[in-house]
*Asks:* 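Could you have a look at this structure, given as structure tokens, before my questions?
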Amino acid sequence: MNDNQPRDFIRQIIDEDIASGKHGGRVVTRFPPEPNGYLHVGHAKSICLNFGVAAEYAGRTFLRFDDTNPGKESEEYVRAIKDDVRWLGFDWEDRLSHASDYFDQLYDAAETLIVKDKAYVDSLTAEQIRAYRGTLTEAGKDSPYRNRSLEENLDLFRRMRAGEFADGEHVLRAKIDMASPNINLRDPTLYRIRHVPHQHTGDKWCIYPMYDFAHGLSDAFEGITHSLCTLEFEDHRPLYDWFLDQLDPPHRPRQYEFSRLNLAFALTSKRKLNLLVSEGIVSGWDDPRLATLAGMRRRGYPPAAIRDFCRRIGVTKKENMIEMALLENCIRENLDVAAERRMVVVHPLKVTLTNFDAGKTEMLAAQNHPNRPELGSRQIPFSREIFIERDDFMEDAPKKYFRLKPGGEVRLRFAYIIQCKEVVRNANGEVIELLCTLDPDTRSGSASSERKVKGTIHWVSATHAVPAEVRLYDRLFTVADPGSVAEVMPVLNPSSLAVAQAKLEPSLGTVVAGTPWQFERLGYFCADSVDHSGNKPVFNRIVTLRDGWAKIEKQALQ
RNA sequence: UGGGGUGUAGCCAAGUGGUAAGGCAGCGGGUUUUGAUCCCGCCAUUCGGAGGUUCGAAUCCUUCCACCCCAGCCA
């Protein structure tokens, strides 16, 4: 058992079950996605919980596709979900299953219910069934078909399966209690007719079981001990238990509910996600601005950081809204250790060093990681013309501004201290170049480099720089809870993506997609897995560095 | 107005009758050739409110309040 893992209420229940010998001390869980969309950060919480809990107790976890509604499901989603779970770092080994694997057993169970007078074929229309169901405060009333004979029910149900009826003509319903205060118990539908092929079973079936009927029984068939789901299924639990009571399978699973993850400024509604994808608002399910696992992977979020995040948010039954700052902290914490440092200028401003020989190239040593000397160093070319970040020069600088200003000095990281002598402008008066001198006694690492200046900035040699596209991402929405607004289009952040033409230090010219780098003083970046190539480098900003200067500026404004 | 849940700091979250852990954020300071990292310190006399039980209550009881979920032939 992992001591770093908080003892949330689920783990406490499991501890008690093991202590009391329930389930023979076994722990078996399942992650049951419906293959009708891509997985998102909310699913990550469930995956980490289900796989994590099983691993801690030497148990097992099934990856089970809850594929009972073929009209909405597809092979593409099945494939993507498997990729995402694997990427997040979990292995279902030989325990890949589908609710549809149990369609034969489920069908038999349905006939058993009919024989026990616990299910009947209803021939009301969908609208009529809704009307008969009553309301939250008024009891429903029995369907006129509720008391069909066993023989008639069996005959009708078999003919439903045989394809003798059109979609919607009949359904199979449980016979429970139309007056129950719990609406889920007012004779819920068990089977409906759908003449559509299924991504896993092909055209074998034209009737498909509903979630409530299929899920608990699938749990029982697989020997699931702890069936973990989200809060909205809490009042389905009496129904979950009812099926087990009626059919009395050899194994009895228990359902426990926890609250789903809500991440501020992230969308976890499959319907709305689907809309953004189909309308082309984003580049696909893997758009780096989305909180889908595919998007976060492409963005460059390390899976270990997401797992750490899921561990830190905890598991409770309370509605929550997690701040993006926590996720970003997990990402930075991981990447600070993992990522080698490089120098990249994202918004270039040319600087000419007037006392440095034209045509001369000097090679300077740069540490790959300030806190991990074992990662060694690299050589960076230095020359008369360099690029610095536009933000690192200011004409009318406030007193606390430590970077370059007219007449001011700054250190070029791993190189020399320079002084700004002249500002060059174009016809519009815009600053297009700086003329500076360098102090040859201040070369990094040299015996006489002790002189201190307040600021250090990054740079790239203009003659050696590799041009690259850099994509700077910001939150996709302007509101913290895009899932709760009626229309997502009006709350899209128009500047969620900014594309910059950047200058890379030469060592980044031959880099593999996905590897994270820290661009010094800017943030963490990785080459894009889709659009990056050797000829046309494309980098994604994973996350910015914490920015103390931004804080100072903000305070100055107040 | 029925049923099911949940209320501990700005955001999460421990706590299970013995005197409010921890993380994120924030604030203050130190180190620093990344305004990063790192380090140190501060940050709930009070647990949704009001009563009650008890030597002692976030934990037990009563009552009130707020918020979330449920009326798919979706999951």
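This structure is a prediction, so every number in the text was calculated from the model and none was measured. Letters A, B, ... mirror the listed sequences (proteins, then strands); counts begin at 1.
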*Asks:* What I want to check is whether an N or O donor and acceptor connect the side chain of Arg521(A) with the base of rU34(B) at under 3.5 Å.
*Replies:* no
*Asks:* Picking from rA71(B), rU1(B), rG72(B), which would you name as closest to the side chain of Leu136(A)?
*Replies:* rA71(B)
*Asks:* Can you list everything that forms a side chain to side chain contact (heavy atoms under 4.5 Å, CB included) with Asn334(A)? Sequence neighbours excluded, please.
*Replies:* Pro302(A), Ala304(A), Ala305(A), Ala338(A)
*Asks:* Syn or anti for rG10(B), taking syn as within 90° of 0?
*Replies:* anti
*Asks:* Between Ile552(A) (CD1) and rC27(B) (C1'), how many Å, whole number?
*Replies:* 14 Å
*Asks:* Should the side chain of Gln12(A) and the base of rU16(B) be counted as holding a donor-acceptor pair, with the cut-off at 3.5 Å?
*Replies:* yes
*Asks:* Closest to the Ile183(A) side chain: rU34(B), rC70(B), rU33(B)?
*Replies:* rC70(B)
*Asks:* Kindly state which residues belonging to residues 122-130 of chain A come within less than 4.0 angstrom of RNA chain B, counting heavy atoms of the residue only, listed by number.
*Replies:* Leu124(A), Thr125(A), Ala126(A), Ile129(A), Arg130(A)
*Asks:* Would you tabulate the nitrogen or oxygen pairs shorter than 3.5 Å linking the protein to nucleotides 64-68 of chain B?
*Replies:*
from	atom 1	to	atom 2	distance (Å)
rC68(B)	O2'	Glu319(A)	OE2	3.1

*Asks:* Nearest whole Å is fine: how far is rU32(B) P from Gln367(A) CD?
*Replies:* 16 Å
*Asks:* Would Glu76(A) and Tyr38(A) count as having a side-chain donor-acceptor pair, cut-off 3.5 Å?
*Replies:* yes
*Asks:* Taking the minimum atom-to-atom distance to the side chain of Leu545(A), which one of rU33(B), rA75(B), rA36(B) wins?
*Replies:* rA36(B)
*Asks:* What nucleotide among rC73(B), rG5(B), rG35(B) has an atom nearest to a side-chain atom of Arg192(A)?
*Replies:* rC73(B)
*Asks:* Can you list every salt bridge (Lys or Arg N to Asp or Glu O under 4.0 Å) pair that touches residues 167-183 of chain A, not counting sequence neighbours?
*Replies:* Asp117(A)-Lys175(A), Asp122(A)-Arg173(A)
*Asks:* List for me each residue that meets side-chain hydrogen bond (donor to acceptor under 3.5 Å, both in side chains) alongside Glu164(A), sequence neighbours excluded, and say none if there are none.
*Replies:* Arg159(A)
*Asks:* If you check every side-chain atom of Asp547(A), which of rG35(B), rU33(B), rA71(B) has the closest atom?
*Replies:* rG35(B)
*Asks:* Give Gln518(A) one of three labels, base, sugar-phosphate or nothing, depending on what nucleic acid heavy atoms sit under 4.0 Å from its own.
*Replies:* base
*Asks:* Residues two or more places apart in sequence or in another chain: which of them pass side-chain hydrogen bond (donor to acceptor under 3.5 Å, both in side chains) with Tyr191(A)?
*Replies:* none
*Asks:* Are Trp549(A) and Phe402(A) close enough that their ring centers fall under 6.0 Å?
*Replies:* no
*Asks:* Looking for any heavy atom pair under 4.0 Å, which part of the strands does Tyr524(A) touch: base, sugar-phosphate only, or nothing?
*Replies:* nothing
*Asks:* Which pairs, protein N/O on one side and nucleotides 22-26 of chain B N/O on the other, fall under 3.5 Å?
*Replies:*
from	atom 1	to	atom 2	distance (Å)
rG23(B)	O2'	Arg312(A)	NH1	3.1

*Asks:* Check if the side chain of Arg403(A) and the base of rG35(B) share a donor-acceptor pair of N or O atoms closer than 3.5 Å.
*Replies:* yes
*Asks:* For the residue pair Tyr107(A) and Tyr102(A), is the inter-centroid distance of their aromatic rings smaller than 6.0 Å?
*Replies:* no
*Asks:* Measure from the side chain of Lys318(A), starting at C-beta and using heavy atoms only, and say which of rC73(B), rC70(B), rA13(B) lies closest.
*Replies:* rA13(B)
*Asks:* Is it the case that the ring center of Phe9(A) lies less than 6.0 angstrom away from the ring center of Tyr256(A)?
*Replies:* no
*Asks:* So what stems show up for RNA chain B if we need 3 or more Watson-Crick or G-U pairs in a row, all under 3.5 Å?
*Replies:* B:2-7 with B:65-70, B:10-12 with B:22-24, B:26-30 with B:38-42, B:48-52 with B:60-64
*Asks:* Not counting sequence neighbours, which residues clear side-chain hydrogen bond (donor to acceptor under 3.5 Å, both in side chains) with Asn69(A)? List them please.
*Replies:* none
*Asks:* With side-chain contact (heavy atoms from CB on, under 4.5 Å) as the test, pick out the partner of Trp517(A) among Leu508(A), Val344(A), Asn368(A).
*Replies:* Leu508(A)
*Asks:* I'd like to check the side chain to side chain contact (heavy atoms under 4.5 Å, CB included) partners of Pro181(A); sequence neighbours left out, ordered by chain and number.
*Replies:* none
*Asks:* Any ring-ring contact (aromatic ring centres under 6.0 Å, His included) involving residues 159-184 of chain A? Give me the pairs, sequence neighbours left out, ordered by first then second residue.
*Replies:* Phe165(A)-His170(A)
*Asks:* With a non-hydrogen cut-off below 4.0 angstrom, is Thr316(A) in contact with a base, only sugar-phosphate, or nothing?
*Replies:* sugar-phosphate
*Asks:* Ignoring the backbone of Thr137(A), work out which of rU1(B), rC74(B), rC69(B) is nearest its side chain.
*Replies:* rU1(B)
*Asks:* Please name all residues satisfying side-chain hydrogen bond (donor to acceptor under 3.5 Å, both in side chains) with Tyr240(A), sequence neighbours left out, ordered by chain then number.
*Replies:* Asp219(A)
